Amino acid sequence: MSAYTRADLAALDQSDPLAVHRDQFDVPDGVYYLDGNSLGVLPRQTPARVEQAVREEWGKGLVRSWNTAGWYELPRRLGDKIGKLIGAAAGQVVVADSTSINLFKLLSAALRLRPDRRVILSTRDNFPTDLYMAQGLIALLGDRHELRLVDDEAILGAIDDQTAVVMVTHVNYRTGRMHNMAATTQRAHQHGALMLWDLCHSAGAMPVDLDGVGADFAVGCGYKYLNGGPGAPAFLYVSQRHQPEFSQPLSGWMGHAHPFTFDWQYQPAEGIARYLCGTQPVLSMTALDCGVDTLLAADLNDVRAKSLRMTDLFIELVEQRCAGHDLTLVTPRPRDQRGSQICLSHPDGYPIMQALIAHGVIGDFRAPDIIRFGVTPLYLRYVDIWDAVDILATILNTRAWDVPEFKQRAAVT
C-alpha cells in the first residue's frame, strides 16, 4: 500500500504556493486534466481580452489599430515576454507562424552558416514534424545534405566535425526524457556545429536558460504549457550573435526592413524582426499573450519543483496501485532527466486512455503503445494525481477499457 493517503495530498494542496494560480484558469468541473503538454487550459482572462480585440480594436478601431492598438509590434513585444520564460534577453525571440515553418527558417539559416558541412543531426524519436521539415529542406537543396538520426542517449557521441547543426527536442514528446541542454550545446560548439533546441515540451513547464547555455537557435509552440489556445502561433529564438549574418529564406514583407515603402527588392530588417514572414494573426496572438501572462505571474522554479514532486507521486502511486497490469514506466526516474509528463506503455494503451477520458481523466495516446499524462502545476492539484491514479486502477482492475467503443481509433489520439 502507498505511504500516502488522499488526505496527505490534500494537505500538500493547502500549503502549495502555486495554488492561487488555479483560479486563473477555466478548469471544467469533474475533469482531471493531464494533457496540458498537448493543449493548455483556457485562461479566464482570454475570452474577454479576445472579445475586446474583436469588438473594440477590430470592430471600432478597424485598420487604425495596427498603430493605435499595437498590432504591428505584437510579434516582437510578445516574443520578449516569452524570452523571460526561456532565458533570452530582449530582441532575440519573435512570435510568428508555426513550429514547423520556424524550423524550416532556422535549419536553412544554420546550413548557410556552415556551408562546408552536410549533416543535420537529430534523434530517431524526435517529434516527426522536426524530421519532416529537415527532410523537405534537404530535398529542396538537391540532396546535398544528410539527416543523420541516432538514439536519444547517443546524441552527444554522434556530434562530429561533419555536423552542421544539431536539432534536438529538449523534452521528448513520447518518453518525457529531458536532454542536458548545457552539455549538448557545449559538445556541439566544441565540434564547430550549431545547436537548435525544440522547446515545445519545456517552455513554460520549467526554467530554461538559452542565453546561459549559449544556444544558437530555438523554436517552440504556443498552445501547450503557454496556454495560447489551439493552433496558437509559435516562437523562434536566434542568438544575438547570429542575427546580422544572414537573411532567412522566407522573405515575406513583414520581415522587410521597411515593409511600408513597398520596395520591389527584399531588404531584411535588422535583428530578430527579419525572421518574420507574413502578416501576423492578431487575434491568435492576443490569446497567446494572455496565456503567457499566466506563466509570468508565477515563479518557474516553483513550477518545476511542484512538477517534480507531482511526477514522483504519480510514479509511486501507479507502481503501488496498478501493479500486475503490464504497465511499464517509459519516463526516466532521475529528476534531472525528466520533463513535466509521465509516459507509460501498455499493449492496450489506446483503449485504456479512451476509458480514462470517458471517466474524466484526460491524457492522450502516442503510437504504438504510450499513454501520456502531462503535469501542469499552475492548475493541477495534488489530489488530482491521487484521483487520476485511482480511476486508472479501477479501469485496469475491472477491464473497463476492454469494450469495442474504446478500441475505435479517432483521427486525433
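Computed from a predicted structure; not experimentally measured.
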- Query: Will you find, in the side chains of Asp211 and Gln92, an N or O donor that is under 3.5 Å from an N or O acceptor?
  - Reply: yes

- Under a 4.5 Å cut-off applied to non-hydrogen side-chain atoms, are Asp97 and Pro233 in contact? no

- Check whether the side chains of Asn172 and His201 place a donor and an acceptor atom closer than 3.5 Å, and report yes or no. no

- Query: Any chance the side chains of His21 and Gln24 put a donor and an acceptor closer than 3.5 Å?
  - Reply: yes

- Task: State which residue, out of Val166, Val168, Leu103, fulfils the side chain to side chain contact (heavy atoms under 4.5 Å, CB included) condition with Leu196.
- Result: Leu103

- Task: Identify whether NZ of Lys or CZ of Arg in Arg409 sits under 6.0 Å from the centre of the six-membered ring of Tyr350 and within 45° of that ring's axis.
- Result: yes

- Task: Verify the ring-centre separation between Phe235 and Tyr237: is it less than 6.0 angstrom?
- Result: no

- Query: Would you find a donor on one side and an acceptor on the other, under 3.5 Å apart, between the side chain of Arg148 and the backbone of Val119?
  - Reply: no

- Query: Is a side-chain donor-acceptor pair under 3.5 Å present for Ser239 with Asp216?
  - Reply: no

- Query: Salt-bridged, Glu316 to Arg321, with N to O below 4.0 Å?
  - Reply: no

- Task: With Arg177 as the cation and Tyr173 as the aromatic partner, state whether NZ or CZ is under 6.0 Å from the six-membered ring centre and within 45° of the axis.
- Result: no

- Task: State whether a side-chain donor-acceptor pair under 3.5 Å links Arg49 with Thr286.
- Result: no

- Task: May I ask you to check whether Thr185 and Trp197 show a side-chain donor-acceptor distance below 3.5 Å?
- Result: yes

- Task: Assert yes or no for the condition that the ring centre distance of His256 to Tyr266 is strictly below 6.0 Å.
- Result: yes

- Note on the structure: One should read off an interatomic distance between Leu121 CG and Glu146 CD, to the nearest 0.5 angstrom, of 9.5 Å

- Message: For Trp401 and Gln354, which I'm curious about, is there any donor-acceptor pair between the side chains at under 3.5 Å?
- Response: no

- Kindly give the heavy-atom pair with the smallest separation between His189 and Arg241, and that separation in Å. CE1-NH2, 3.8 Å

- Side chains of Tyr132 and Thr129: is there a donor and an acceptor less than 3.5 Å apart? no

- Looking just at side-chain N and O atoms, do Asn126 and Ser122 make a donor-acceptor pair shorter than 3.5 Å? yes

- Is the ring centre of Trp253 less than 6.0 Å from the ring centre of Phe260? yes

- Query: Is the Lys NZ or Arg CZ of Arg381 less than 6.0 Å from the centre of Trp386's six-membered ring, within 45° of the axis?
  - Reply: no

- Aromatic centroids of His359 and Tyr32 separated by under 6.0 Å: no

